[in-house]
Amino acid sequence: MGRCFVIDPTCAFSFGHSINSIKYFKEIASVYFPDVRPIISYHLPMNVPLDDNQVERYFDFYYDQQISIERAEPSPKTHVSSNISKYMAAANSATTDFGNFLFYNKISSQDVILFPSVDYYSIVGIFNALEGLEAERCPRLLLRFIGVLENVVENGVENCFKLIDRYVKAGGAVSVSAETPKLASRLSALSDCAVTVTPYPAFQAQATPLSLSGPFYVFCGGAARLDKGFYRLADIFASVNEALGIDAVRFIVQGFPPKQIGADKRYLQRLYSIPNVELLDGVIPYGQMLDAYGRSHITILPYDERTYAFRGSAMLMESIILNRLVLAQARTAFADQVRKYNSGIVCDDDESFADAICLYAKSDRHFLIEQAALAERFYRADAERAYKQWLEGAQ
């Protein structure tokens, strides 16, 4: 049995889910492969602890036009001339990276390359680098789509599947999965390639027991962004306070990253003025994030339904695994997962979010514990079954 390389060139941030995702995918892949090697962006800051995961910083970052990062210097890559288009430059950089990766690691058909969250330029880069290679040098590819950076260029997903189909027709082995059932259905229409569903891995965690006394805590984590419903929170909180009083419920909210603190001072002042709101920094250590989950009774995801029409939510999966029920926006792809696992309530608007918070705040907490535990068990079994099917098929 060959090696399994878990690759995410977009893992270049000291915050967010990407570094934890690499850890979780290494964990699940290690069940099926004896030699698992995570490889991420060269530009992940050196002060980000990688523990004993043996993660290698290697790939360049291809999305400077869309996302600002602090690039490590000196970069090991020779940047392409600025005279060509930004799209061509990114594609060329990715192609060079993956060509060198295949060569220096002596990749063969015995190896598996797993992309936990597909991004457009990595797909272009890997397939360009594989073009024309003899069959014994072509690895099996496991491509997991999550509906984010596959769409960075017009018709990006369609272009990805043209490359997949061409590789398969040439004799290459590819297995495709999607984070949500809705996304899997959408992708299935683009190709004859079968698309399975692989939710966020059910990582091993020790959940903090739910507090049975004292105020009821609600946690809204993640980036303070419009598409994540940050600007809806004050109205939701005000409705809850009006219904139950300010002593019944406490709200824990993650704020803006440091560079965006001044982005909307008026709204931040409004949140600060609500006495039962605890505003965290925009970038917090993972331990502090776990502490926020541990103090909470439920989490809320008032995300934009158009942005998340096909996308999942890592915070939803973390909430389920950490035994916390979730309030989710209707008509998002992850709302279907909330219904499937009976892991909370699906809400239509701000009023229904407030009503659901009040309902849970007045509920017997033993009931919340039992429902969350059942959801976690159901989710874990479903996720383990999905990865067993996907990863065993790659052996």
Side-chain angles (χ1 to χ4, degrees), residues 1-10 21 25 28-29 32-33 62 91 94-95 98 101-102 107-201 309-312 333-334 336-337 382-395:
M1 188 184 300
R3 301 159 293 178
C4 177
F5 294 88
V6 181
I7 292 179
D8 185 2
T10 69
S21 175
F25 275 91
I28 191 72
Y32 302 95
F33 300 95
Y62 315 120
T95 300
F98 278 98
F101 163 78
L102 295 174
I107 300 296
S108 76
S109 59
Q110 300 300 308
D111 296 315
V112 170
I113 299 179
L114 166 59
F115 290 83
S117 52
V118 161
D119 68 279
Y120 179 74
Y121 290 117
S122 289
I123 290 296
V124 171
I126 187 69
F127 282 117
N128 282 349
L130 289 168
E131 186 76 26
L133 285 185
E134 52 273 23
E136 60 269 20
R137 290 195 56 201
C138 291
R140 184 176 186 88
L141 303 180
L142 297 178
L143 310 179
R144 182 173 179 266
F145 286 75
I146 66 170
V148 184
L149 288 176
E150 310 97 301
N151 303 299
V152 72
V153 303
E154 188 175 358
N155 299 320
V157 175
E158 290 80 359
N159 291 341
C160 287
F161 273 88
K162 287 178 183 177
L163 293 170
I164 291 169
D165 287 342
R166 189 166 70 188
Y167 186 65
V168 170
K169 287 177 182 175
V174 180
S175 294
V176 178
S177 75
E179 187 171 38
T180 68
K182 274 190 176 179
L183 183 56
S185 296
R186 183 188 187 195
L187 298 180
S188 294
L190 299 177
S191 169
D192 292 332
C193 186
V195 181
T196 61
V197 179
T198 48
Y200 205 60
F310 296 96
R311 288 170 56 177
F334 59 80
D336 292 341
Q337 294 173 304
D382 193 47
E384 289 176 357
R385 188 183 312 114
Y387 282 100
K388 178 179 175 66
Q389 176 187 349
W390 198 41
L391 297 178
E392 274 193 350
Q395 291 179 327

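Values reported hereafter were calculated over all heavy atoms of this structure, with side chains retained and with hydrogens, waters and symmetry mates removed. Numbers here are sequence positions counted from 1.
- The 12-atom threshold is not exceeded at CD of E154, counting heavy atoms of other residues, nucleotides or ligands nearer than 6.0 Å.
- In this structure R137 satisfies the salt bridge (Lys or Arg N to Asp or Glu O under 4.0 Å) test with no other residue, sequence neighbours excluded.
- Residues A29 and C4 approach most closely at CB-SG, 4.2 Å, considering heavy atoms.
- S108 is linked by a side chain to side chain contact (heavy atoms under 4.5 Å, CB included) to Q110, D111, counting only residues two or more places apart in sequence or in another chain.
- Nearest heavy atoms, G147 versus R311: O-CD, 3.2 Å.
- Judged as a ring-ring contact (aromatic ring centres under 6.0 Å, His included), the pairs with a partner in residues 164-187 (not counting sequence neighbours) are, in order, F127-Y167.
- Side-chain atoms of Q389 do not come within 3.5 Å of backbone N or O of A386 as any donor-acceptor pair.
- Scanning both residues, G2 and F33, for their nearest heavy atoms gives O-CD2, 4.5 Å.
- Contact between A129 and F98 at its shortest, heavy atoms only, is CB-C, 3.8 Å.
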Residue pair L102, L133: steps toward the side chain to side chain contact (heavy atoms under 4.5 Å, CB included) verdict: CA-CA 10 Å; L102 295 174; L133 285 185; 4.1 Å; yes
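- Shortest non-hydrogen contact noted between V197 and P181 is CG2-CA, 3.9 Å.
- Scored by the side chain to side chain contact (heavy atoms under 4.5 Å, CB included) test, S21 finds F25, P116, Y200 as partners (sequence neighbours excluded).
- A donor-acceptor pair is defined here as one N or O able to donate and one able to accept, closer than 3.5 Å; such a pair exists between the side chain of Y387 and the backbone of P199.
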L149 and Y121: CA distance, side-chain angles, deciding distance, side chain to side chain contact (heavy atoms under 4.5 Å, CB included) verdict: CA-CA 9 Å; L149 288 176; Y121 290 117; over 6 Å; no
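- Shown here are the salt bridge (Lys or Arg N to Asp or Glu O under 4.0 Å) partners of D165, two or more places apart in sequence or in another chain: there are none.
- Counting only residues at least two apart or on different chains, the ring-ring contact (aromatic ring centres under 6.0 Å, His included) pairs with a member in residues 128-154 are F145-F161.
- Applying the side chain to side chain donor-acceptor pair (under 3.5 Å) rule to D382 yields the partners K340, Y341, R385; only residues at least two apart in sequence or on another chain are considered.
- How far CZ of F5 is from CG of L114: 12.0 Å, rounded to the nearest 0.5 Å.
- One distance of note links CD1 of I123 with CG of L143; it measures 4.5 Å at 0.5 Å rounding.
- With sequence neighbours left out, the side chain to side chain donor-acceptor pair (under 3.5 Å) criterion links S177 to T198.
- In this structure E179 satisfies the salt bridge (Lys or Arg N to Asp or Glu O under 4.0 Å) test together with R144, sequence neighbours excluded.
- Counting heavy-atom neighbours within 6.0 Å of N155 CG, excluding the residue itself, gives a total above 12.
- Summarising the geometry, atom SG belonging to C138 is positioned 5.5 Å from atom CG belonging to L130; distances are rounded to the nearest 0.5 Å.
- Not counting sequence neighbours, the partners of E131 by the salt bridge (Lys or Arg N to Asp or Glu O under 4.0 Å) test are R166.
- Looking at residues two or more places apart in sequence or on another chain, you find a side chain to side chain contact (heavy atoms under 4.5 Å, CB included) between K162 and N159.
- Between atom CD1 of residue I7 and atom CD1 of residue I113 there is a gap of 5.0 Å, rounded to the nearest 0.5 Å.
- In this structure, the separation between OG on S117 and CD1 on I146 is 4.5 Å, given to the nearest 0.5 Å.
- The CG atom of L183 sits 4.5 Å away from atom OG1 of T180, with the distance rounded to the nearest 0.5 Å.
- Checked against side chain to side chain donor-acceptor pair (under 3.5 Å), R186 has no partners two or more places apart in sequence or in another chain.
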